There are 2 protein chains.
Amino acid sequence: MPLYRRLRETIAGKITKGEYKPGEALPAEVEIARLYNVAPGTARKAIEELVNEGLLERRHGAGTFVRRPNFNNSMLRFFLFRGTKGKTLTPESRIVSRSVESASEAVAGHLNLPPGEKVIHLNRLRLWEGAPRLLEDIYLPFTLFHPIIDLDESVIGPLLYPAYEIHCGQLVSFVKEEISVTDATADDAAILGLGAHEMVVNIDRLAMNPSRIPIEWRRSHGEARRFHYQVDFS
Amino acid sequence: MPLYRRLRETIAGKITKGEYKPGEALPAEVEIARLYNVAPGTARKAIEELVNEGLLERRHGAGTFVRRPNFNNSMLRFFLFRGTKGKTLTPESRIVSRSVESASEAVAGHLNLPPGEKVIHLNRLRLWEGAPRLLEDIYLPFTLFHPIIDLDESVIGPLLYPAYEIHCGQLVSFVKEEISVTDATADDAAILGLGAHEMVVNIDRLAMNPSRIPIEWRRSHGEARRFHYQVDFS
DNA sequence: GAGTGGTCTAGACCACGAG
DNA sequence: TCGTGGTCTAGACCACTCA
């Protein structure tokens, strides 16, 4: 494996371990080169890859900073939940249930855990302007996230990823999502206030830390009619 | 604008104009550097950006090649149209109608044309294993695509983008897509064989040439139940 | 074996930001 | 003004492909 890639992994590892924290500046490029005994161009290439991956952020003249990806309102990427004044709002969040379970085969598979390993299961309802819009089932490896179990909901707040970072030292840097459309169940329809024959969009998300180790799996679903998404590619 | 970026645009322009054709090798990096009077590292950086954009493809030891993006079966990215044996199939295509029209405001806006400019409008039906699965309305600037109007459908074949390339010299390199879910119209339901209260997924696609000039706009729609999509990001 | 891209190095100079 | 990242240059050596 080339030098610049090993250096990239080393730096990603330091971010995972919290040695470089989100918002903080890394040492200057020339300093990194000196620290790791590589040429400046090599350090630069390692940093460049991390920038392309979204882990770091360069600010010309200021430095290179650890980025904190903004997945918080990320369901806004998928659904049209505009405020009445067109403003972007952070949704209200209600944790309906919290429990520790043995991972099902599916969940263990997604999180790359041994079968039967303990996981935290959260069931959560999210509301925009008071209206229930999204249902979520969230699974977390117990060993990494056990502080979540006993935290007061008001301490957790409406967004989980900052809570993961503050209370469990876990940073989400990558996500993989799968989207499908199915009939709403009777329960879904009741909670989301849907009429008969309505459909829901399901978003299955696997969230990973800076070293690309899976740390959360969740399924969210909301009214299909409100779904809207944009892709660019080549 | 930095040198390597101007060089990138120059090369992208040559691909647009057909001076470098899909599948063909570019001159070697050192040769490009010599041709354009830049340092090898600068040529390399220009090429690197084009590779990241998907316009070029490097093969170690062999050369750098113009890539032909594969948007042909691209609706397979969105819908579960597996063959009965799980094989990937090219769908059958039927052009239902072909006409020359004045661009509506919406179409002119998408294609960045003056209002009222002439466009070709194709209405197309796509079938997988004989079953109608996708309806498409396709809009093309008449000036660039006029040969399409008179071509026999058997000459065009089941895939449009190769036809654009062969008969109109137009290469599609980038696409932008927007996805939403709506009720099926009665017509849609009849053609796609949907039951009552079914929904469709709409995919609005803007296709661009290597210089990112819009050259096609289309709206496709198919049964929501069959929709399935995967995203990675950070 | 000849030619290609891939890695790594070294250093000069510029443009930007923050104090 | 100083330190940062951004650009551009130059060249050595390696790894791979292909005839």
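Chain letters run A, B, ... following the sequence lines, proteins first and then strands; every chain starts at 1. What you see is a predicted model; the values in this text were computed from it and never measured. Worth knowing before you read on, the calculation uses all heavy atoms, side chains too, and leaves out hydrogens, waters and symmetry mates.
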query: Have Arg124(A) and Ser93(A) got a donor and an acceptor in their side chains that come within less than 3.5 Å?
result: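 Judged by distance alone, the side chains do pair up.
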Using distance alone, with no hydrogens and no angle criterion, decide if Glu48(B) and Tyr4(B) have a side-chain donor and acceptor under 3.5 Å apart.
->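 Result is no, nothing qualifies.
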Over 12 non-hydrogen atoms of neighbours within 6.0 angstrom of CD in Glu105(A):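 12 or below, so no.
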Tell me, which of residues 19-46 of chain B have any heavy atom that sits under 4.0 Å from an atom in DNA chain D?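 Going residue by residue through residues 19-46 of chain B, the ones with a heavy atom under 4.0 Å of DNA chain D turn out to be Val38(B), Ala39(B), Gly41(B), Thr42(B), Lys45(B).
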Item to check | Any Ile215(B) side-chain heavy atom under 4.5 Å of Tyr164(B) side chain | outcome: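 Answer no - side chains too far apart.
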Any non-hydrogen side-chain atom of Glu165(A) less than 4.5 Å from a side-chain atom of Lys21(A)?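 A side-chain contact is absent here, since even the closest heavy-atom pair is not under 4.5 Å.
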Upstream residue (5' side of DNA chain C) when Gly63(B) and Leu3(A) are each assigned their closest nucleotide: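 Result of the comparison: Gly63(B).
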Quick check: on DNA chain C, is the nucleotide nearest Ile47(B) upstream (toward 5') of the one nearest Arg59(A), or the reverse? Name the residue that is more 5'.
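Its nearest nucleotide being more 5', the pick is Ile47(B).
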Working for salt bridge (Lys or Arg N to Asp or Glu O under 4.0 Å), residues Lys14(A) and Glu19(A): CA-CA 5 Å; Lys14(A) 293 215 172 197; Glu19(A) 293 180 41; 3.6 Å; yes
| task | Could you tell me which non-hydrogen atom of Gly13(A) sits nearest to which non-hydrogen atom of Ser211(A), and how far apart they are? | result |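 Closest pair (atom of Gly13(A), atom of Ser211(A), distance): CA-OG, 4.1 Å.
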Item checked: Distance in Å, Phe145(B) CZ paired with Leu160(B) CG, rounded so as to fall on 0.5 Å steps ->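 Between atom CZ of Phe145(B) and atom CG of Leu160(B) there are 9.5 Å.
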For chain B, the stretch of DNA chain C it reaches, first to last nucleotide, under 4.0 Å of its heavy atoms:
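So the contact region on DNA chain C extends dG3(C) to dT7(C).
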